[in-house]
Peer 1: 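Take a look at the following structure, please.
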Amino acid sequence: MIEMEDRNKLIQRRIEKLEQFKSQGMKIFRNDFLPDSFANDLHSEYDGLELEKLLDLDKTVSIAGRVMAYRSFGKAGFMKVKDFTGQIQVYAEKNSLSYEDFKLYKKLDVGDIIGVEGSLFKTKTGELTIKAKKIVLLTKSIRPLPEKWHGLQDKELRYRQRYVDLIVNDEVKETMVKRSKIINAVRDFMVNNRFVEVETPMMHKLVGGATAKPFVTHHNALDIDLYLRIAPELYLKRLVVGGLERVFEINRNFRNEGMDLKHNPEFTMMEFYVAYKNYRFLLDYTEEMFDYIFESLGNKERKLQFGENEIDFSRPWKRLDFFEGLKTIGGLDDDVINRDKAFNLALELGKSVNKNMSIEKILAELFDALVEPKLINPTFVIGYPVAISPLARRNDENPDITERFELFISGMEVANGFSELNDPFDQKERFLKQLEERKMGDEEASMYDADYIRALEYGLPPTAGEGIGIDRLVMLFTNHDSIRDVILFPLMKDKDDE
RNA sequence: GGGUCGUUAGCUCAGUCGGUAGAGCAGUAGCCUUUUAAGCUAUUGGCCGCAGGUUCGAUUCCUGCACGACCCA
């Protein structure tokens, strides 16, 4: 401990200041200062007033926040104080403060959290400023903040110590506020359409509802292994069986997979189910939902700048058949279904395919490599094969494909939905097929869920369901190409750190 | 999992064709009552990511490891 203090003189200096305050009888870490105003509210209320009118008002206000800038010259000086709404300037001069308060002011550091009471005025340059009559130290910050101009650049530190990132990089807070607004808009839209928000288990006894490897945990009292859910799908559809004919859930899913720009092991999904509708309804409904989000964010253009692309969300969005896409965009020949040919091409593209894989799964790999990156403007891909859609209803005209779609924007899968498979006999067969694939070594195949089959046997009404990746949605609306920039605390490996 | 690059002061970054390091900001001391990255003067601060190897000598070259960024699977 002492060694560490020796090592960092800056922290040591600040601790000494704190000790000094304490020995002078000053209250430390006090919580009895109650501000009556917020920084940005003062700006919106008084920025428009002339200096003279401000002085006539003689308005006394109190604010609290963190010292973000400190400019002192002898017997006076300025500080920028930041609260959750924004910043406001404070002017401190010797003649307007008590001896003790001025002494305190001279000892303040950038990063300290203070309370200020004073009157409003404007400086020479017209900036609204509080002339301090009283300054109170609320919390002493003993660690120095990053540099005022460049802020915190190191991405690793920004993710690991998000609290520091938030203090110095305003953009982070803006992104997270926008994230909150987007989620609120989505929730609003669902509730307005008479959906009920529910919460289903995060800990599952069986893996299902998606194609992914799960995290495993253990319940001690029951002595059973449990899986963190990879999707809520099978529970939500049980609810539709039970008569909750419009349900949705906004919550975390967990997938035990690699991490990259677009994947974090825990991520947020909005999943919803609506009875007596089919996938065609979902296409329109999704477009409407985006409209609603744009509306809530005050975006009238229905366009987003994302990296180098300007994405146009004008309706209707493009519909693209899976097999057509492979041919027209992926450049494959008409005999695309030729298994050996597809397999070799996938190998050439460096995809990790193996001989046990179904042709459909290989085609999905090819689609992923050749088509998806080219889908910039919102595109619904429809007509996915049955073999890679174990929970989707078959198409009436062509039983090899499903009434399923995925939504791609800027090459990212943003949503996945379909008419739900409600035939318990077909579902049973598909589960068995998944079991086979699992036995062949596919760790992503789902498990046989007998209770879900039982639920279907009671009768699931014709239903449409969809999942929307919230993190990716936020990425689009905030122009971030890394999922880590829209998640407050992305998963990071441990690092030796005293 | 593979490849490329990175890791130097609290922060942002230089640098050393191998001889144990430098700037700006922050800090400290001083001057300064309207500043806006305030200014001026002086000044403190470093296991140069970790572990090996080569060498008289490594922060620098080599190998391995850790963590991260980006690209690919």
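Naming: A, B, ... by sequence-line order, numbering from 1 per chain.
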Peer 1: Looking at B:U35, does its base get a donor-acceptor pair with the side chain of A:Tyr91 below 3.5 Å?
Peer 2: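 When only heavy-atom distances are counted, A:Tyr91 does not reach the base of B:U35 through any donor-acceptor pair under 3.5 Å.
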Peer 1: Could one point to a donor on the side chain of A:Glu127 or the base of B:U36 with an acceptor on the other under 3.5 Å away?
Peer 2: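 Side chain to base: pair present.
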Peer 1: Remember a base hit wins even if backbone is also touched, and classify A:Lys148 as base, sugar-phosphate or nothing at under 4.0 Å, heavy atoms.
Peer 2: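 It contacts sugar-phosphate atoms only.
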Peer 1: Which is true for A:Thr123 with a 4.0 Å heavy-atom rule: it touches a base, it touches only sugar-phosphate, or it touches nothing?
Peer 2: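 Base contact.
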Peer 1: Touch check for A:Phe121, heavy atoms < 4.0 angstrom, all strands: base, sugar-phosphate only, or nothing?
Peer 2: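 Base: the residue A:Phe121, judged by heavy atoms under 4.0 Å, touches a nucleobase.
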Peer 1: With heavy-atom distances below 4.5 Å as the criterion, would you say the side chains of A:Asp101 and A:Tyr105 are in contact?
Peer 2: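 They are not in side-chain contact.
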Peer 1: Under 3.5 Å, is there any donor-acceptor pair linking the side chain of A:Asn95 to the base of B:U33?
Peer 2: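 Present.
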Peer 1: Just call it for A:Lys351: base, sugar-phosphate, or nothing, with non-hydrogen atoms closer than 4.0 Å on any strand.
Peer 2: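 Sugar-phosphate contact only - A:Lys351 comes under 4.0 Å of backbone atoms but never of a base.
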Peer 1: Hey, does A:Arg13 reach any base, or is it just sugar-phosphate, or nothing, if we go heavy atoms under 4.0 Å?
Peer 2: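 Here A:Arg13 touches the backbone only, sparing every base.
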Peer 1: Dot-bracket notation for RNA chain B is requested: 5' to 3', Watson-Crick or G-U wobble pairs only, both distances under 3.5 Å, with ( ), [ ], | and . as defined.
Peer 2: (((((((..((((.....[..)))).(((((.......))))).....(((((..]....)))))))))))).
Peer 1: Would the base of B:U7 count as contacting A:Glu156 through its side chain, where contact means a donor and an acceptor less than 3.5 Å apart?
Peer 2: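 Between B:U7 and A:Glu156, which were checked side chain against base, a qualifying N/O pair under 3.5 Å is absent.
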Peer 1: I'd like to check the ring-ring contact (aromatic ring centres under 6.0 Å, His included) partners of A:Tyr448; sequence neighbours left out, ordered by chain and number.
Peer 2: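 A:Tyr448 satisfies ring-ring contact (aromatic ring centres under 6.0 Å, His included) with A:Phe431 once adjacent residues are dropped.
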Peer 1: Which part of the nucleic acid does A:Leu145 contact within heavy-atom distance under 4.0 Å: base, sugar-phosphate only, or nothing?
Peer 2: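 Touches nothing.
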Peer 1: Assign A:Arg484 to base, sugar-phosphate, or nothing according to its heavy-atom contacts below 4.0 angstrom with the strands shown.
Peer 2: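 Result for A:Arg484 = sugar-phosphate.
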Peer 1: Just call it for A:Gln153: base, sugar-phosphate, or nothing, with non-hydrogen atoms closer than 4.0 Å on any strand.
Peer 2: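 Sugar-phosphate only.
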Peer 1: Whole Å only: how far is the CG atom of A:Leu108 from the C1' atom of B:U35?
Peer 2: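 Rounding to the nearest Å, CG of A:Leu108 and C1' of B:U35 are 17 Å apart.
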Peer 1: If you only use heavy atoms from C-beta on, which nucleotide in B:A38, B:G10, B:A37 is closest to the side chain of A:Trp149?
Peer 2: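 Among B:A38, B:G10, B:A37, the one nearest the side chain of A:Trp149 is B:A37.
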Peer 1: Just call it for A:Lys17: base, sugar-phosphate, or nothing, with non-hydrogen atoms closer than 4.0 Å on any strand.
Peer 2: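 The residue A:Lys17 makes sugar-phosphate contact but no base contact.
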Peer 1: Considering every strand and a 4.0 Å limit on heavy-atom distances, what is the contact class for A:Leu152: base, sugar-phosphate, or nothing?
Peer 2: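 Touches sugar-phosphate only.
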Peer 1: Within the modelled atom types, does a donor on one side and an acceptor on the other bring the side chain of A:Lys80 and the base of B:U36 under 3.5 Å apart?
Peer 2: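 Result: at least one qualifying N/O pair found.
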